[in-house]
Amino acid sequence: MMISETSKGKFITMEGIDGAGKSTHLNWLADFFRSRGKTVVVTREPGGTRLGERLRELLLDNYQTMHGETEALLMFAARREHLDKVIVPALDQGNWVISDRFTDASFAYQGGGRGLPIQKLEVLEHWVQGLFQPDLTLYLDVTVELGRQRTSAIKTADRFEKERDEFFQRVRECYLERARKFPQRIRVINANLPLEQVNKSIEETIISFCK
Ligand code: TYD
């Protein structure tokens, strides 16, 4: 595994249940860094590469059924490609990389949501990324009810969005549990508030991270 330990750029990930508002805040965050002279690469998971985007189509397709372990393996397969082709090269060039989701989503959705054992996901995590972790993860925390309201307003539900509330409850609990486990890396942002307030707390978190 050739992941440079001396990478100059920073790797920031955004997480949250569906409808938490990641996309809006992600774009704001990219502009924030660009206005401070950083070169920013914005990417997403599953996806971010040609192969990864094709895997994403299969993973989100409502008509595609698959075993929970297949789902996890495909998520990590897309991630392996993403690290190799996008994330690591960009960091090595000194760019800042912001990803809409990363490995925490596999623990939350495939672990919490689908009920796969955490140990199996940890094996995949170590296989695919060694000790590599984001420098900072912003977890946008919303209630399942609010997330549901925000997603249903936008578009037709994909294979994950059509899951029941209990699924998202488990996903949310798993994210919160990980935030307690890795308090240095994962910052919880209360995203139940109006947009400007959520933005403000993201800004505060980022400013203290950059110090
Ligand atoms: P999402 O990021 O919510 O994109 P959009 O805003 O276009 O709906 O969609 C990605 C979905 O993939 C989301 O429901 C969570 C899921 N997912 C996992 O289950 N495991 C993972 O490891 C990742 C990266 C995503």
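Predicted model only: the values in this text are computed from it and were never measured. Counting convention: from 1, in listed order, for ligands and their atoms alike.
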Nearest protein heavy-atom contact for [atom]: which residue, which atom, what distance?
{"atom": "atom 22 (O) of ligand 1", "value": "Ser106 OG, 2.5 Å"}
{"atom": "atom 19 (O) of ligand 1", "value": "Gln110 NE2, 2.8 Å"}
{"atom": "atom 6 (O) of ligand 1", "value": "Ser23 OG, 4.4 Å"}

Run the salt-bridge test on [X] and [Y] with the 4.0 Å N-O cut-off and return the result as yes or no.
{"X": "Glu45", "Y": "Arg79", "result": "yes"}
{"X": "Asp18", "Y": "Arg172", "result": "no"}
{"X": "Glu53", "Y": "Arg44", "result": "yes"}
{"X": "Glu163", "Y": "Arg114", "result": "yes"}
{"X": "Arg159", "Y": "Asp61", "result": "no"}

Heavy-atom nearest neighbour of [atom] within options [options]:
{"atom": "atom 17 (N) of ligand 1", "options": "Arg114, Lys22, Glu45, Met75", "value": "Met75"}
{"atom": "atom 3 (O) of ligand 1", "options": "Ile17, Thr13, Thr151, Asp18", "value": "Asp18"}
{"atom": "atom 13 (C) of ligand 1", "options": "Arg79, Arg159, Arg101", "value": "Arg101"}
{"atom": "atom 9 (O) of ligand 1", "options": "Arg56, Arg44, Glu161", "value": "Arg56"}

Ligand-side contact atoms (ligand 1) for residue partner Asp158, heavy atom cut-off under 4.0 Å: 8 (O)

Taking only heavy atoms of Pro46, which atoms of ligand 1 are found under 4.0 Å from at least one of them?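 Near Pro46, the atoms of ligand 1 are 12 (O), 23 (C), 24 (C), 25 (C).
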
Any side-chain donor paired with an acceptor under 3.5 Å for Thr205 and Arg187?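 Thr205 vs Arg187: no donor-acceptor pair found between side chains.
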
Measuring from non-hydrogen atoms of Leu60 to any atom of ligand 1, is the shortest distance under 4.0 Å?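 In this structure, Leu60 qualifies as a contact of ligand 1 - some heavy atom is under 4.0 Å.
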
Measure the spacing between CD of Gln197 and CG of Asn192 and express it to the nearest 0.5 Å. 11.0 Å

